[in-house]
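Below, read A as the first sequence line, B as the second, and so on, with proteins coming before strands; counting in each chain starts at 1.
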Amino acid sequence: MQTIQIYNTYTRTIEKFEPLQPPFVGIYLCGPTVYGLPHLGHVRGPVFFDVLHRYFKKCDYKVRLVRNITDVGHLVNDADEGEDKIARLAKIEQLEPMEVAQFYTNKYHEMLNALNLLPASIEPRASGHIIEQIEMIETIIKNGYAYASNGSVYFDVLKYSASHNYGKLSGRVLEDLIAGAGNEARELEGQGEKRNPNDFALWKKAGPEHIMQWNSPWSRGFPGWHIECSAMSKKYLGDCFDIHGGGMDLLFPHHESEIAQSTACTSHNPAKYWMHHNMITINGQKMAKSLNNGISVQAFFSGDHPLLEKAYSPMTLKFFILMAHYRGTLDFSNTALQAAEKGLSRLMAASETLKTINPSAIENGSVKLLVDEAYQALNDDLNTPILISKLFELATIINSANGGTTAISEEELTLLNTHFDSLIFDILGLKTEASAINEKLDGVMQMLLTMRNEAKQNKNFALSDEIRNKLSDLGFEIKDGKEGSFYSIL
RNA sequence: GGUCGGAUGGCCGAGUGGCUAGGCAAAGCUCUGCAAAAGCUUCUACAGCGGUUCGAACCCGCUUCCGACCUCCA
């Protein structure tokens, strides 16, 4: 079995990955709040954690991946007086809240499918786990770390801090939080109900304007911002599980508060490893709904956005994301996307070429090392850019062998056949996008290529060029190789 | 204001105290009726200023610039 090292945000070090109960691996990912179309930024987490998921499976771990759907909505922290996002949209659009949530959940799933991501083992909805959340809040109150106030329940951060380190994950010091300049501008609703401004809500009493509300021991209301993840991860993965993941922007307060809630409830940090991916930026700034600079995934695939020079395919997007390391920011640009698009097609072409290679008595000498290095890159905190660079180097060898400028031994060919496609398709989760071509179309294309070659044999270049040009206009590219002619769809 | 993270060749993006990242773009060559594809070759960078070192883009210090988080965020 491979030794995988991953960066643990909690300890800020690279650590050897050792499951709590091998071969089982429990992963909890913070999923989307379904109140809007997924934009480019929403893609990075699912894409990265899918590689992790796939690699673990490849290493024969039994993975349970839980990714929640937040359909209760988070409180809106502006003039909406704490009204919840989904409820607000519902009123505007005159729909049932659940209808809105379902609509955007479906959109989210469409995106995941387009990107060829493995489905989650469990995809729990916050609205379906109100009872679990209430039970957890009751335990936290019983343990003395939360208090009810005017129908709402707040987590007592000061009390918790007396015996625990609130702020360890996000690298914050409570005194700084209290003194933080940011707090001055934030006059939150219900601030007067709290013992301390840093206390956060576990349960909020609902006003009549809230469409989504539930009964609880404290009031008719709705759960707080962080408790859903704690309650659902606990229910499906236990008090302690292996990996908790999400975007870096969730570090504080979301994950910090999750740790506090779970610890107050079960006396354990819920996760052994905390993994956070960085943001996708646009012109150097985070892409976020609040900044209004997001490009929806839908628009990205159709090219229908002023910032897009063309449409990009789902696999191009995925490859673009994987060409950068997950802990660094990744800046959106058309030139970078187009570079990824071309690189990807080169890799895919090499995968096709590999099928036609015949082994030689002489060995190339680099294949085994490159394959080893590819896995080492994965083991080194999922370094997909290095992995991809190794794949490109292997692609060069495959192409050279095909062109006769290098040789590949039987043994090396076996190695390539075992690992090259496996890395591309099984672990990175890429797929060929030309699969839309059905067999009938392929038959027609082969016929046209044959006719064109006959014309070429007869030196009827006018006809052969006409065939090629017309096909080119229709979006087919013709390539003449040593083994005959091929086509690809542009 | 506090905390943290960045600054790499035309572009995107890895990485490491001394040895080619990789992709895209560009140029030349091979192949070829032409083109494309493919192959080969070329292009050698690490914000600035000091310091440590035989040697630093990589370690340390300072400076400049950029970004993230500080109770909406993937």
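On the C1' atoms, B:U44 is 28 Å away from B:G5, given to the nearest whole Å. Taking the C1' atom of each, B:G51 and B:G9 are spaced 27 Å apart, rounded to whole Å. Nucleotides B:C62 and B:G2 place their P atoms 15 Å apart, quoted to the nearest Å. Spacing of P atoms, B:A68 relative to B:A27, comes out at 38 Å, to the nearest Å. Rounded to whole Å, the C1' atom of B:A47 lies 16 Å from the corresponding atom of B:A56. Between B:U52 and B:C11, the two P atoms lie 34 Å apart (nearest whole Å). For B:G13 and B:U8, the C1' atoms lie 9 Å apart once the distance is rounded to whole Å. B:C58 and B:C24 have their P atoms separated by 29 Å, with the value rounded to a whole Å.
Here A:G171 lies in heavy-atom contact (under 4.0 Å) with sugar-phosphate atoms only. Note on A:L344: nothing from the nucleic acid sits closer than 4.0 angstrom, heavy atoms only. Contacts of A:F392 with the nucleic acid, taken as non-hydrogen atoms under 4.0 Å apart, involve only primed sugar atoms and P, OP1 or OP2. Nucleic acid contact for A:G247: sugar-phosphate only, since backbone atoms but no base atoms lie under 4.0 Å from a heavy atom of the residue. If you check every strand for non-hydrogen atoms under 4.0 Å, A:E393 touches sugar and phosphate atoms only.
Residues passing the salt bridge (charged side-chain N to carboxylate O under 4.0 Å, His left out) test with A:R44, sequence neighbours excluded: none.
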Protein within reach of the bases, or only the backbone? For nucleotides 36-43 of chain B, mark each nucleotide 5' to 3' as B, S or -, using heavy atoms under 4.0 Å.
BSSSS---
What does nucleotides 13-18 of chain B look like as a protein-contact string, B for base, S for sugar-phosphate only, - for none, at under 4.0 angstrom between heavy atoms?
SSS---
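Taking a cutoff of 4.0 Å between a charged side-chain nitrogen and a carboxylate oxygen, A:D480 and A:R452 qualify as a salt bridge. The residues A:K368 and A:E363 are annotated as not salt-bridged, no charged nitrogen and carboxylate oxygen being separated by less than 4.0 angstrom. Salt-bridge annotation for A:D473 and A:K470: absent, with no side-chain N of the basic residue lying under 4.0 Å from a carboxylate O of the acidic one.
Put simply, OH on A:Y104 is 14 Å from P on B:A74, counting in whole angstrom units. As a whole-Å value, the separation of A:L169 CG from B:C4 C1' is 12 Å. Taking atom CD1 of residue A:I467 and atom C1' of nucleotide B:C34, one finds them 15 Å apart after rounding to whole Å. Distance CD1 (A:I282) to P (B:C12): 14 Å, rounded to an integer number of Å. Distance, A:M248 CE to B:G67 P: 17 Å, rounded to whole Å. Regarding A:H42, its NE2 atom lies at a distance of 7 Å from the C1' atom of B:C73, rounded to whole Å. If you measure from atom CZ of A:R172 to atom P of B:G5, you get 12 Å, rounded to the nearest angstrom. Atom P of nucleotide B:G22 and atom CG of A:L423 are separated by 18 Å, given to the nearest angstrom.
Ring pair A:Y312/A:F300: centre-to-centre distance below 6.0 Å.
Counted by atom type alone, A:N68 and A:T70 present one or more donor-acceptor pairs between their side chains at under 3.5 Å. For A:H164 and A:T263, the side-chain atoms include no donor-acceptor pair closer than 3.5 Å. Donor-acceptor pairing under 3.5 Å is lacking for the side chains of A:Y166 and A:N198. A:E193 and A:N150 form a side-chain donor-acceptor contact under 3.5 Å, judged by distance and modelled atom types alone. Using a 3.5 Å distance cut-off with no hydrogens or angles, the side chains of A:N379 and A:Y55 do pair a donor with an acceptor. Using modelled atom types and a 3.5 Å distance limit, the side chains of A:S351 and A:D421 yield a donor-acceptor pair.
Taking a pair as Watson-Crick or G-U with both hydrogen-bonding distances under 3.5 Å, the stems of three or more pairs touching RNA chain B are B:1-7 with B:64-70, B:10-12 with B:22-24, B:26-30 with B:38-42, B:47-51 with B:59-63.
Of the candidate nucleotides B:C34, B:C12, B:A74, B:C34 has the atom lying nearest to any side-chain atom of A:D465. The side chain of A:A339 approaches B:G23 more closely than any other nucleotide in the set B:A74, B:G23, B:C12.
Formation of a donor-acceptor pair under 3.5 Å by the A:D71 side chain with backbone atoms of A:R125 is not found in this model. Within the 3.5 Å criterion, the main-chain N or O of A:W274 finds a donor-acceptor partner in the side chain of A:N8. With A:E228 contributing its side chain and A:A126 its backbone, the two residues share no donor-acceptor pair below 3.5 Å.
For the pair A:P32 and A:K390, both in contact range of RNA chain B, the more 5′-proximal nearest nucleotide belongs to A:K390. Toward the 5' end of RNA chain B, the nearer of the two residues A:I388 and A:G41, judged by each one's closest nucleotide, is A:I388.
Under 3.5 Å, the side chain of A:N278 and the base of B:G5 form no donor-acceptor pair of N or O atoms.
At most 12 heavy atoms of other shown residues, nucleotides or ligands fall within 6.0 angstrom of atom NZ in A:K459.
Residue pairs that meet the salt bridge (Lys or Arg N to Asp or Glu O under 4.0 Å) test with at least one member in residues 391-402 of chain A, sequence neighbours left out, are A:K390-A:E393.
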N/O to N/O distances under 3.5 Å, protein versus nucleotides 25-29 of chain B:
| unit_1 | atom_1 | unit_2 | atom_2 | d |
| --- | --- | --- | --- | --- |
| B:A25 | OP1 | A:K342 | NZ | 2.8 |

